Colleague: 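My structure is below; once you've seen it, I'll send some questions.
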Amino acid sequence: MSNVDAAIQEMFQAPHIKIMKSSSKLCKIMLVAMVHELYKTGMGELTFGKLATTVSSLCTNNGEKFPGWDSLLRVGCKLGECRIILCEEGAKHSMQKLQLNFPTDDVAFALKDCKELPWLAKYL
């Protein structure tokens, strides 16, 4: 039984979970939008343009200010540098393909109890 408890604790202390929990509000919104869109479409990847539209919709529906495409690109690059998401190289930003580098369940676990953005849980 102690092996099971140790495995559960190790899962909760994974570096990518810690990064997601400590990331900025916009990073969290972007990750939740990505998970929401992936659940909705059943696909493994999506374009940056589709993600930006989903982020805009989530922000508008929940009283958050939409930050704009430039800010989303910066956040996407930051998440790509941390290897939370995988980004296709290319100059056509709206058509750039994005993919989560970890299971959607990990994102849901990390962000379901977010105190600064409690509405995120309804999209996970």
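Worth knowing before you read on, the calculation uses all heavy atoms, side chains too, and leaves out hydrogens, waters and symmetry mates. Here the structure is a predicted model, which means the values were calculated and not measured.
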Colleague: First locate atom CG of Leu26, then atom NZ of Lys65, and finally report the distance between them rounded to the nearest 0.5 Å.
Modeller: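 Here the rounded value is 11.0 Å.
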
Colleague: Quick one: CD1 on Ile84 to OG on Ser23, what's the gap to the nearest 0.5 Å?
Modeller: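 Interatomic distance, Ile84 CD1 to Ser23 OG, rounded to 0.5 Å: 8.0 Å.
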
Colleague: A side-chain contact here means heavy atoms from C-beta on lying under 4.5 Å apart; do Glu88 and Leu98 qualify?
Modeller: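 They are not in contact (no side-chain heavy atoms under 4.5 Å apart), so the answer is no.
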
Colleague: Measure the NZ-CD1 distance between Lys21 and Ile19 for me, rounded to the nearest 0.5 Å.
Modeller: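 Lys21 atom NZ to Ile19 atom CD1 measures 13.0 Å (nearest 0.5 Å).
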
Colleague: Under a 4.5 Å cut-off applied to non-hydrogen side-chain atoms, are Ile85 and Cys87 in contact?
Modeller: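 Yes. Closest side-chain heavy atoms under 4.5 Å.
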
Colleague: Give the cluster check for Met30 versus Tyr39: same hydrophobic cluster or not, with ILVMFWY residues linked at side-chain heavy-atom distances below 4.5 Å.
Modeller: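 Result: yes, single cluster for both.
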
Colleague: Holding to ring pair (Phe, Tyr, Trp, His ring centres under 6.0 Å), I want the full list of residues that pass it with Phe102, two or more places apart in sequence or in another chain.
Modeller: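 Ring pair (Phe, Tyr, Trp, His ring centres under 6.0 Å) list for Phe102, sorted by chain: His16.
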
Colleague: Identify each donor-acceptor pair in which a side-chain atom of residues 45-56 lies under 3.5 Å from a protein atom, sequence neighbours left out, and give them as a table.
Modeller:
| residue | atom | partner | partner atom | Å |
| --- | --- | --- | --- | --- |
| Thr47 | OG1 | Lys50 | N | 3.2 |
| Thr53 | OG1 | Gly49 | O | 3.0 |
| Thr54 | OG1 | Glu37 | OE1 | 2.9 |
| Thr54 | OG1 | Lys50 | O | 3.0 |

Colleague: Can you check side chain to side chain contact (heavy atoms under 4.5 Å, CB included) on Leu100 and Met34, steps first, answer last?
Modeller: CA-CA 8 Å; Leu100 280 173; Met34 198 167 182; 4.0 Å; yes

Colleague: Look at the side chain of Asn101 and the backbone N and O of Arg83, then say whether any donor-acceptor pair between them is shorter than 3.5 Å.
Modeller: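 Here the side-chain-to-backbone pair exists.
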
Colleague: Give, for atom CE of Met43 and atom NZ of Lys97, the distance between the pair rounded to the nearest 0.5 Å.
Modeller: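 Here the rounded value is 8.5 Å.
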
Colleague: Evaluate Leu124 against His36 for side chain to side chain contact (heavy atoms under 4.5 Å, CB included), listing each step before the verdict.
Modeller: CA-CA 6 Å; Leu124 294 170; His36 179 69; over 6 Å; no

Colleague: When you compare the side chain of Ser71 with that of Arg74, does any pair of heavy atoms fall below 4.5 Å?
Modeller: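 Yes, side chains in contact.
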
Colleague: So which heavy atom on Ile29 is nearest to which on Leu58, and how close?
Modeller: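 Where Ile29 meets Leu58 most closely, the heavy atoms are O-CD1, 4.4 Å.
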
Colleague: Please tabulate, one pair per line, all N/O donor-acceptor pairs under 3.5 Å involving side-chain atoms of residues 108-123, not counting sequence neighbours.
Modeller:
| residue | atom | partner | partner atom | Å |
| --- | --- | --- | --- | --- |
| Glu116 | OE2 | Lys28 | NZ | 2.9 |
| Lys122 | NZ | Asn62 | OD1 | 3.3 |
| Tyr123 | OH | Asn62 | ND2 | 3.1 |

Colleague: Can you find a heavy atom in the side chain of Asp106 that is under 4.5 Å from one in the side chain of Ile17?
Modeller: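 A side-chain contact under 4.5 Å exists here.
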
